Amino acid sequence: MPADAPATTRRDAAVAALAEVAHEPGAPKPDAIVVADGIVRRFGGLTAVDVAHIEIQRGAITALIGPNGAGKTTFFNLLTGFDQPNEGQWSLNARSLKGVPPHKVARRGMVRTFQLTKALSKMTVLDNMRLGVSGQGGEKFWRALFPFAWKSEERRNTERAQELLARFKLDAKQQDFAGEMSGGQRKLLEMARALMVEPEMVMLDEPMAGVNPALTQSLLGHIKDLREQGMTVLFVEHDMDMVRDISDWVIVMAQGQVIAEGPPDSVMSDQRVIDAYLGAHHDQALTDTGEAFTDDAPSPAAPEESA
Amino acid sequence: MDFNGIITQTLTQAIGVSAVIYCLAAVGLNVHFGYTGLLNFGQAGFLAVAAYGLAVSVSRMGLSLWVGVLVGILAAILLALLLGVPTLRLRADYLAIVTIAAAEIIRLIVRSVTFREYFGGSDGITRFADEFYALNPFSSPLDLGVIKFSQNDLWVVTVGWTLIALTSLMIWSLMRSPWGRVLKGIREDEDAVRSLGKNVYSYKMQALVLGGVIGALGGFMAAIAFQSVQPDTYSTEFTFFVYTMLILGGAARIFGPILGAAIFWALLVFVGEFLNEAVNKGVITFLSNTQVGQIRFMLVGLGLMSLMIFRPQGILGDRKELALDAR
């Protein structure tokens, strides 16, 4: 991480809180915001998700990684109510989320973004943002008919939206259609819009997918900001450098199950993870694949880790 | 050829009774399809339950016309709920299938021999709107040279355009409000709206009811203007006309459905009148008057096809918006 990282007090707190946690699947956390038990989701004969136990630490950035088809996005959908599991119990702040529809999950403070960005194309950037505010009186039919009943509320929401857009450097585009923006900008907009809901926990499904490298650093910075503001972040990602850079804790899924947990460095040198996620021959040139993989192979952790 | 007569007839029809009816139906459909993205293919059904609600209340139950209007509105709300409850949780195309079937079911029920004593079978019900005409403030017909209305038509048209103005004003103000913003969000991507904590199902239901009730106003105008309700007026063809008008004018625009309905109807009348006149005067010899009825649809169809090719966003639409879909 570059040296100009913002205040990292929350990060230190998160790392400290997780220091004592066992590096094993389903490890109990000192202050879990999400607890899930026995979540099973089957699609016909295929068991897409089979998570025995999982806890997500409050105030930390947790990464959910795993090879393609590991069930990460399905698990995301299950947690946020967009899909219902065949079996299992899960809760947010110790209140069960079983059978709770997605919009109510969002109102309880767990807001998600999508792998395929869902910017509302034919609406302006500002309208996208204002849509995110929960509990607007003007969103009720009868009050909507009388502008004086919602004008002042709308002004406050607009100001908040503009502040957030400025933070995400999208303020110059606020009157543009969201569909006119680049893929990376749409990712930023989607994240900013999720923040308009004032969530306690933000769920990001592949926030870096399709984002050009110039925007990557800025997106990373914003995700770290979320933690500094006291939010909990759970994100799905493929980019290992990014995972190592920003996450406090990593959960690894493969074939629907949680196979490993731990801080980024320890997880990435975990044999089960290397086998499942990276493949046994990941660090060898194609010409060397005749050789057997050995346990003392160098860890894929890069040396420039900081902060 | 009597060009004066053709033009008078065309202009009169452009703002006349039929245009008013289509207009209200299209304004309602604009709430469904234009703003919320609901594929309602049963708009004719909403007009039918309203028209029959009115006619049955007055002529079979002896109630006042105004109670009949209330009955019609309640019937439209009930129909919206009935259609919405099972389908609005599902993907958009299910609503299309259910609505097109429901509108046909309604038409076939009111047309059936079994219920003839209530709905009048295929003849429908007539003479039930005297109460409306008793209030007519106009004492003479209107003749502006190019626009001519009988006394009664003038009253219907005045009330009709007032209703169109009021409903359009209401939709204009609603669509500028946060409520309208949620609807447009649902049209773009309902999962995104859900993820922001909005009850998408409830909003879709509200939109279905609102558009249905506006359509119901069109049903009342149709019933009152002709002092009759007939089942076959409310066929699927009616709904397709309304869609054509909405797309022609520009969906999700306040004036789109109004302009579309007036232009489409005027065009249809103009082509029909023109060809008939030409056949009658021997200018066109290879057609008969009975063929003109079909030919005019072909010609108008051709016109609409070219519109879709050269101006797919409709007359008032914004091409830029349409291009966003391609991304």
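Labels below follow one simple rule: chain letters A, B, ... track the order of the sequence lines, proteins then strands, and each chain is numbered from 1. All heavy atoms count here, side chains included; hydrogens, waters and symmetry mates do not. It should be emphasised that the depicted structure is a prediction, and the values quoted were computed from it without experimental measurement.
Interface residue A:Pro102: backbone and side-chain heavy atoms are both found under 4.5 Å from chain B. For a residue to count as touching a neighbouring chain, one of its non-hydrogen atoms must lie under 4.5 Å from one of that chain's; by this rule A:Arg193 touches chain B with backbone and side chain alike. Proximity to chain B is absent for every atom of A:Val105, based on heavy atoms less than 4.5 angstrom apart. Within the 4.5 angstrom heavy-atom criterion, no atom of A:Thr80 approaches chain B. Proximity to chain A is absent for every atom of B:Tyr201, based on heavy atoms less than 4.5 angstrom apart. A:Phe146 does not touch chain B: none of its heavy atoms, backbone or side chain, sits under 4.5 Å away. Only the side chain of B:Leu210 comes within less than 4.5 Å of a heavy atom in chain A; its backbone stays farther off.
Within the 4.5 Å cutoff, side-chain heavy atoms of A:Gln136 are placed close to those of B:Lys198. The closest side-chain heavy-atom distance from B:Leu174 to A:Phe141 is below 4.5 Å. For the pair B:Pro178/A:Glu154, a side-chain contact is recorded, criterion being any heavy-atom separation below 4.5 Å from C-beta on. In this structure the side chain of A:Glu139 never reaches within 4.5 angstrom of the side chain of B:Asn199, judged on heavy atoms. No side-chain heavy atom of A:Lys122 sits under 4.5 Å from any side-chain heavy atom of B:Lys184.
Residues B:Arg176 and A:Trp150 approach most closely at O-CH2, 3.6 Å, considering heavy atoms. Closest approach of B:Arg194 and A:Ala106 over heavy atoms only: O-CB, 4.2 Å. Minimum heavy-atom separation, A:Leu131 to B:Val193: CD2-CG2, 4.1 Å.
No more than 12 heavy atoms of other residues, nucleotides or ligands sit less than 6.0 Å from atom CZ of B:Phe255. Environment of CG in B:Leu135: crowded, with over 12 heavy atoms of neighbouring residues, nucleotides or ligands closer than 6.0 Å. A:Lys169 NZ: 12 or fewer foreign heavy atoms inside a 6.0 Å radius.
Under the side chain to side chain donor-acceptor pair (under 3.5 Å) criterion, A:Ser218 pairs with no residue at all, not counting sequence neighbours.
Between chain B and the options A:Thr113, A:Leu145, A:Val111, heavy-atom pairs under 4.5 Å are most frequent for A:Leu145. For the set A:Lys151, A:Met203, A:Arg130, the count of heavy-atom pairs under 4.5 angstrom toward chain B peaks at A:Arg130.
Using a 4.5 Å cut-off between non-hydrogen atoms, no part of residues 20-42 of chain B approaches chain A.
For the atom pair B:Ser195 OG and A:Phe114 CZ, the distance stands at 4.5 Å (nearest 0.5 Å). One distance of note links CG of B:Asp191 with CG of A:Asn77; it measures 8.5 Å at 0.5 Å rounding. Summarising the geometry, atom CD belonging to B:Gln206 is positioned 10.0 Å from atom NZ belonging to A:Lys140; distances are rounded to the nearest 0.5 Å. How far CG of B:Leu196 is from CG of A:Leu120: 7.5 Å, rounded to the nearest 0.5 Å.
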